[in-house]
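Counting starts at 1 for both ligands and their atoms, in listed order.
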Amino acid sequence: MNVHSVEQVQKLTVIAPATGQIIAEIAETPIHEVPLFYQRGRNAFAAWSSISIPERLNYFRKLKQLMVDEMDQIARTISDDTGKVLTEAIVADIMPTLDAIDHIIRHAEKVLSRQKAKTPFLLIGKKSYIEYMPRGIVLVISPWNYPLQLAMVPMVSALAGGNTVILKPSEVTPLVGKCIEDLFNRSGFPEGTVQVAHGGKEVGAAFTEGKPDYIFFTGSVRTGKIIQQQAARDLIPTTLELGGKDPMIVFKDANLERAAKAAAWGAFTNSGQVCMSAERLYVERSILEEFLELLKSEVRTLTQGTDENADVGSMTFPAQKDIVKGQLEEALARGAKLETGLEPENWQEGMFIPLTVVTQVEQDMKIIQEETFGPLLPVVPFDTEEEAVILANGTVFGLNASVWTKDKEKARRVASKLVSGAVVINDVIITVANHGLPFGGTKESGIGRYHAEGGLRIFCHEKAIMEDLGLMNSEIQWYPYKGKYPLFLNLFKNYFGENRNWLSFARDYLALIKSK
Ligand code: ADP
């Protein structure tokens with residue numbers, strides 16, 4: 001599992017979820033060392049923030065090459081630690097991390113360099129620009145479902161801007177946390193620039209209270225709210241990447257075969273432990289039966305296991321299995337129908353859950369309203385476009401969604417109406433794989449965005465700078481005000497009015513200059 005008992009000796013015992021075998025022990029970071037981490041991070045900040053972006057990016061190149069050289073090993077570590085199949089470790093955890101590093105190597109210098117800004121005409125004689133100044137120490141707290149990507153992408157984004165980083169990876173996947181620490185160390189990042197603290201929520205809380213300059217958190221809504229409260233006490237800016245309950249809307253004119261394959265993959269990839277997985281499937285009523293048949297036959301082809309050719313791996317976190325079970329039990333007790341899968345009482349021991357499709361569910365059931373994070377897909381019919389939008393928007397979440405139709409206009413119209421951080425048309429999840437697009441949620445799915453240009457800039461203070469040559473002894477708006485009010489009144493009424501008269505403007509402006 002990655003059940004990790006915290007023992008007297010403060011070690012995290014790592015048990016592979018798919019096999020139940022103990023595979024490692026990792027020393028927990030003692031809480032009393034938290035100030036030391038911050039001290040080392042602050043010491044390293046002076047040098048790291050002073051070197052140029054291209055110099056920083058040289059370290060990124062080493063890191064990327066090391067990851068390319070050791071890709072298979074990293075994939076196996078991820079798979080052992082999470083129970084996910086190797087293909088998903090490489091496609092959905094390693095590839096997006098490498099692509100993010102690549103994207104940053106190509107774009108960071110331009111995005112983080114001084115940007116020219118326009119200066120309004122009324123501020124004649126001045127120049128304006130924006131600078132991006134690193135914040136200091138960025139605390140990244142990461143989850144267990146994509147333990148490489150969701151830790152490393154914010155880390156490299158923060159590092160590019162000149163920040164130092166402390167990572168607190170999930171205690172559920174500490175082996176990947178150790179692997180990340182090792183990768184940064186061997187890439188030669190200067191001491192203190194990247195530090196990794198191991199342990200559970202107490203360690204996370206101690207680091208949150210240690211006054212970092214920014215907190216980047218990915219995890220549950222519950223913990224996100226706790227972290228935001230602590231951050232508010234110290235006025236620390238945050239990004240919160242939280243849960244999802246992503247709707248998939250299939251209209252009758254969609255490519256149904258493709259949509260059925262996408263629904264199976266979108267719902268069951270990573271055993272459904274994906275914040276952007278398809279968690280609710282809305283199907284136009286007239287094709288419900290036909291679509292269900294396509295979906296069920298696709299699901300029946302899927303294999304679960306640990307070997308290289310299996311399609312779906314195990315669950316990662318035992319507590320998550322209970323959540324999935326609870327939601328299914330409630331739905332079945334209220335009349336839902338199993339289309340695939342088994343009643344929870346017939347589930348086997350261990351961390352594999354049958355791939356479950358359910359119909360006859362109500363909009364107020366937990367299976368529709370709460371994040372499942374497991375291989376459980378409720379299917380709901382709808383009659384009109386408006387109804388589909390209302391149902392899709394009817395939860396507290398808003399991370400991703402997908403719309404399926406061959407009618408481009410309809411797809412775009414529906415996409416625009418969804419209260420969601422992202423929408424995919426005729427595909428699922430995939431926006432996250434384009435690092436040029438912003439990533440983040442609406443409503444309880446989170447606060448802020450990363451990836452793309454904004455994903456580098458959030459880790460920097462945006463500094464507005466205006467330059468004046470300093471040749472004039474005064475400015476028109478400075479003291480004394482004597483006689484200036486009527487001149488300003490004329491100037492602004494003319495300047496902002498519909499029929500601006502430049503001759504009057506020049507006359508009033510010169511009069512103001514004279515009265516300085
Ligand atoms: P998930 O179950 O999705 O991993 P959690 O929110 O429980 O979600 O955990 C995400 C990360 O947050 C983990 O690294 C965990 O150790 C950390 N964490 C949990 N509780 C706290 C807390 N109170 N303060 C700081 N970090 C926490």
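Every protein residue with a heavy atom nearer than 4.0 Å to ligand 1 is included here: Ile141, Ser142, Pro143, Trp144, Lys168, Pro169, Ser170, Glu171, Gly200, Lys201, Gly204, Ala205, Thr208, Phe217, Thr218, Gly219, Ser220, Thr223, Ile226, Ile227.
Glu329 contributes no side-chain N or O that, together with a main-chain N or O of Pro344, makes up a donor-acceptor pair within less than 3.5 Å.
Ring planes of Trp144 and Phe373: perpendicular class, angle over 60° (limits at 30 and 60°). Ring-plane geometry between Phe439 and Tyr450 is classed as perpendicular, the angle between the planes exceeding 60 degrees on a 0 to 90 degree scale with a lower cut at 30.
Applying the side-chain contact (heavy atoms from CB on, under 4.5 Å) rule to Glu191 yields the partners Arg40; only residues at least two apart in sequence or on another chain are considered. Under the rule for a side chain to side chain donor-acceptor pair (under 3.5 Å), the partners of Asn43 that lie at least two apart in sequence or sit in another chain are Gln39.
Note on residues 308-328: pairs passing salt bridge (Lys or Arg N to Asp or Glu O under 4.0 Å), not counting sequence neighbours, are Arg76-Glu308.
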